[in-house]
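Notes follow once the structure below has been shown.
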Amino acid sequence: MTAQKGAKSQEKVPPNFIKDIIEEDLRSGKHTTVITRFPPEPNGYLHIGHAKSIVLNFGLAEEFGGRCHLRFDDTNPLKEEEEFVESIKEDVRWLGYDWGEHLYFASDYFDRLYEYAVELIKKGKAFVCDLSPEEIREYRGTLTEPGKESPYRNRSVEENLDLFERMRRGEFKEGERVLRAKIDMASGNINMRDPVIYRILHASHHRTGDKWCIYPTYDFAHCLSDAIEGITHSICTLEFEDHRPLYDWILDQLDVPCHPQQIEFARLNLSYTVMSKRKLKELVDRGIVDGWDDPRMPTISGLRRRGIPPSAIREFCKRIGVAKRDSIVDIALLEHCIRDELNKTAPRRMGVLRPLKVVIENYPEDKTEELECINNPEDMGQGTRLVPFSRVLYIEETDFMEDPPKKFYRLAPGREVRLRYAYFIRCTDVVKDASGKIIEVRCTYDPQTKGGNAPDGRRVKATLHWVSQRHAVDAEVRLYDRLFNVPNPDGAKDGRHFTEFLNPDSLVTLKGCKLEPGLVEAKVGERYQFERNGYFCLDSKDSRPDALVFNRIVTLKDTWEKVRRRLSN
RNA sequence: UGGGGUGUCGUCAAGUGGUAAGACACGGGUCUUUGGAACCCGCAUUCGGAGGUUCGAAUCCUCCCACCCCAGCCA
């Protein structure tokens, strides 16, 4: 428990401008507590960009001893579904955050919001407008020209009250009338040109059913929901900066419990992927990926299925910082956070992905030895396990070369290497098939080197992982890589479509992989390091006890691969 | 041609008048029964540009340039 707490306190959000504002507000006495909120619209799945916001909002509240609300911004019944509220709750929970009792819905406030709208009308600050959607657009003006006032702008309070009430009762068709705030049609900020705050939608809502046929817009509902909940700091992304004057205007007109401060920060962009809901949906709809939880997707469900630990995502979100400039974070940082976490926690196993048969000529045919292997050299507390060794083994195809280039110091004819936790072996011969392909490597072992050390002090340059043929468990292994070939797939200057930059090798499926026998016991949710290969986990969707499927979470850093590439250039 | 933002290393990002943190990436090295990990070293005389103020400027002033967002009864 204490250790847990200690670990948590290390997970602080590093300094940033929002934290500065909060600290100043606490210091000056403007606030005595911090109340934030994460306000998703339940119309889609969460992705790692949302994780940044979640970690910020929940992290800040946690750190200052306040709280963070989970509030669904469900003001548009046309787009929202119950299915998404459940998946969003699951994702937030999985990321490690708890909203406690503070689960809210903007739709919980529809009655109060309606009353606030009436109050605005009574103050002469809102009016019912009969203009059609097209006319409203025309009257709004353009970015460089001011708008024109609606001919309905100066209706009497009584008439507005009556019309608004009749809107509520369902006397009008969709688009026939709206309620608008009366602000300034000449404002340079288009959001202030008498924005629509209520519209007619004859649609049933996932929570309020058919009780309402008028619904508040985001601008009206959001600030008031914040005020109702006593939010102190309302943190959102940059595109809402232009909405802040409206946020403040609405709260200034009304008798509200408090006036939260809206603060904007730059949303997360990640290299070698796309983040917009529209683009992710296209990947799903065109069958380019296996659904929203495809392990290559930046969705929370995709990251989860990929096997990425939530702690690594939290750490990543804290490391990227919070600022106002548009940026693209290098996905290598995410990968680093994943390796960093898994290196410390993941038990090691041996798994041969591309098997090459090795026969140890001087090892008895029927003998089996149980060799002790360390589960995690970074954490000896994880203990050891026994792995069977016998005469016929598999090693990695890439660990043998008949004609090795310089700097390759794995197995080759005449060479001696170490089999991890086992023996030194020396290659004596190779066996090829009719096409010349090497199908078997013949070796001898040195019985004196059991455990991996030579009594005579003899050294070897390489240590290979291996699996005993007789004992191996078969598995399918899916090697995942970056979805795109270019850092910024939707930033093509020549207007090329982002799918033109897909990485054809983002998924490589390997069958007939040979794993050490203990891995039959692997369970969904566990993560392993397959030594010298990377980190892997069972696929939660497709793996079956008699047909194991492992996903590669991330590779190990591979210096040899770098050398090899340099050599071939 | 309107309004709102932003420009510090390849990528993020500190710094808020006192002489450019840190991380990732990258390069080199030590060590190693994972070519993993760990450890060490290197990596912006310069802060979008040009002027100016000052003993002193990334930080203050002026002008300019670039990029992002806004004309949903979406959020």
Side-chain angles (χ1 to χ4, degrees), chain A residues 14-16 39-41 43 73-76 78-80 129 131-133 136-138 140-147 174-180 186-193 195-201 214-215 217-219 221-222 236-245 264 266 271 316 319-337 339-340 343-344 348 350 373-374 377-378 407-410 417-422 424 449 451-453 459-465 487 529-534 555-564:
Chain A
N16 63 62
E41 182 188 12
N43 73 338
D73 223 332
D74 56 352
T75 56
N76 185 350
L78 268 22
K79 295 184 161 184
E80 296 145 8
C129 183
L131 255 24
S132 69
I136 287 183
R137 197 189 327 120
E138 283 158 19
R140 188 155 34 223
T142 69
L143 292 178
T144 53
E145 297 157 335
E174 284 184 19
E176 215 169 294
R177 283 179 228 266
V178 291
L179 183 68
R180 294 226 256 165
S187 173
N189 182 344
I190 286 174
N191 295 301
M192 299 299 268
R193 319 239 262 227
V196 171
I197 57 175
Y198 258 95
R199 71 297 208 188
I200 296 167
L201 257 19
I214 58 171
Y215 294 90
T217 57
Y218 163 83
D219 286 306
H222 201 91
C236 62
T237 43
L238 251 29
E239 67 270 27
F240 293 103
E241 215 152 15
D242 285 344
H243 293 245
R244 184 165 18 122
E264 311 84 12
S271 63
F316 170 72
R319 288 229 217 171
I320 56 179
V322 179
K324 296 193 71 158
R325 58 183 92 103
D326 293 315
S327 60
I328 302 176
V329 176
D330 192 343
I331 199 168
L333 179 59
L334 209 213
E335 293 168 348
H336 172 264
C337 292
R339 290 189 185 105
D340 200 40
N343 176 49
K344 288 180 281 195
R348 312 290 117 128
M350 290 193 284
C373 302
I374 293 165
E378 301 293 319
K407 299 253 187 138
F408 178 92
Y409 43 84
R410 274 109 97 144
V417 299
R418 169 167 45 229
L419 292 180
R420 179 137 237 225
Y421 300 124
F424 284 10
T449 58
N453 285 304
R459 317 282 289 180
V460 290
K461 295 264 301 191
T463 300
L464 312 185
H465 60 281
Q529 183 194 106
F530 289 180
E531 293 206 35
R532 303 207 307 134
N533 265 320
T555 61
L556 248 30
K557 286 223 280 189
D558 190 349
T559 316
W560 163 241
E561 178 59 26
K562 254 181 221 171
V563 173
R564 204 182 58 89

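Numbered from 1 within each chain, the chains take letters A, B, ... in sequence-line order. Computed over heavy atoms, backbone and side chain alike; hydrogens, waters and symmetry mates excluded.
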May I ask you to say what A:E378 touches in the nucleic acid, namely base, sugar-phosphate or nothing, with a heavy-atom cut-off under 4.0 Å?
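Base, at least one base atom sits under 4.0 Å.
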Please work out if A:N343 contacts a base, only the sugar-phosphate, or nothing of the nucleic acid, heavy-atom cut-off 4.0 Å.
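Counting heavy atoms under 4.0 Å across all strands, the contact made by A:N343 includes a base.
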Looking at residues at least two apart in the chain, or sitting in another chain, which of them share a side chain to side chain contact (heavy atoms under 4.5 Å, CB included) with [X]?
X      : answer
A:P14  : A:K318
A:D330 : A:S271, A:A332
A:R564 : A:W560, A:E561

hbond_proxy [X] side chain to [N] base (donor-acceptor, 3.5 Å cutoff):
X      : N    : answer
A:D242 : B:G3 : yes
A:E145 : B:U1 : no
A:E239 : B:G4 : no

Any A:R140 side-chain nitrogen or oxygen under 4.0 Å from OP1 or OP2 of B:C73
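Yes, because at least one side-chain N or O of A:R140 sits under 4.0 Å from OP1 or OP2 of B:C73.
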With a 4.0 Å limit, can you tell me whether A:T75 has a side-chain N or O closer than that to the phosphate oxygens OP1/OP2 of B:A75?
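Result: yes.
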Letter per nucleotide, 5' to 3', of nucleotides 11-17 of chain B [B base touched, S only sugar-phosphate touched, - untouched; heavy atoms, 4.0 Å]:
SSBS---
Starting at the 5' end of RNA chain B, which residue's closest nucleotide do you reach first, A:H336 or A:P133?
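The residue closer to the strand's 5' end, by nearest nucleotide, is A:H336.
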For RNA chain B, what string of dots and brackets results from 5' to 3' when Watson-Crick and G-U pairs need both distances under 3.5 Å, crossing pairs get [ ], and pairs with another strand get |?
.(((((((.[[[..)..(...]]].(((((.......))))).....[[[[[..)....]]]]])))))).....
With syn defined as a glycosidic angle within 90° of 0 and anti as the rest, where does B:G72 land?
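Here the answer is syn: the torsion falls within 90° of 0.
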With sequence neighbours left out, what residues match A:S327 under side chain to side chain donor-acceptor pair (under 3.5 Å)?
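For A:S327 there are no side chain to side chain donor-acceptor pair (under 3.5 Å) partners, ignoring immediate neighbours.
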Whole Å only: how far is the NE2 atom of A:H243 from the C1' atom of B:G72?
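Taking atom C1' of B:G72 as the reference, NE2 of A:H243 is at 10 Å.
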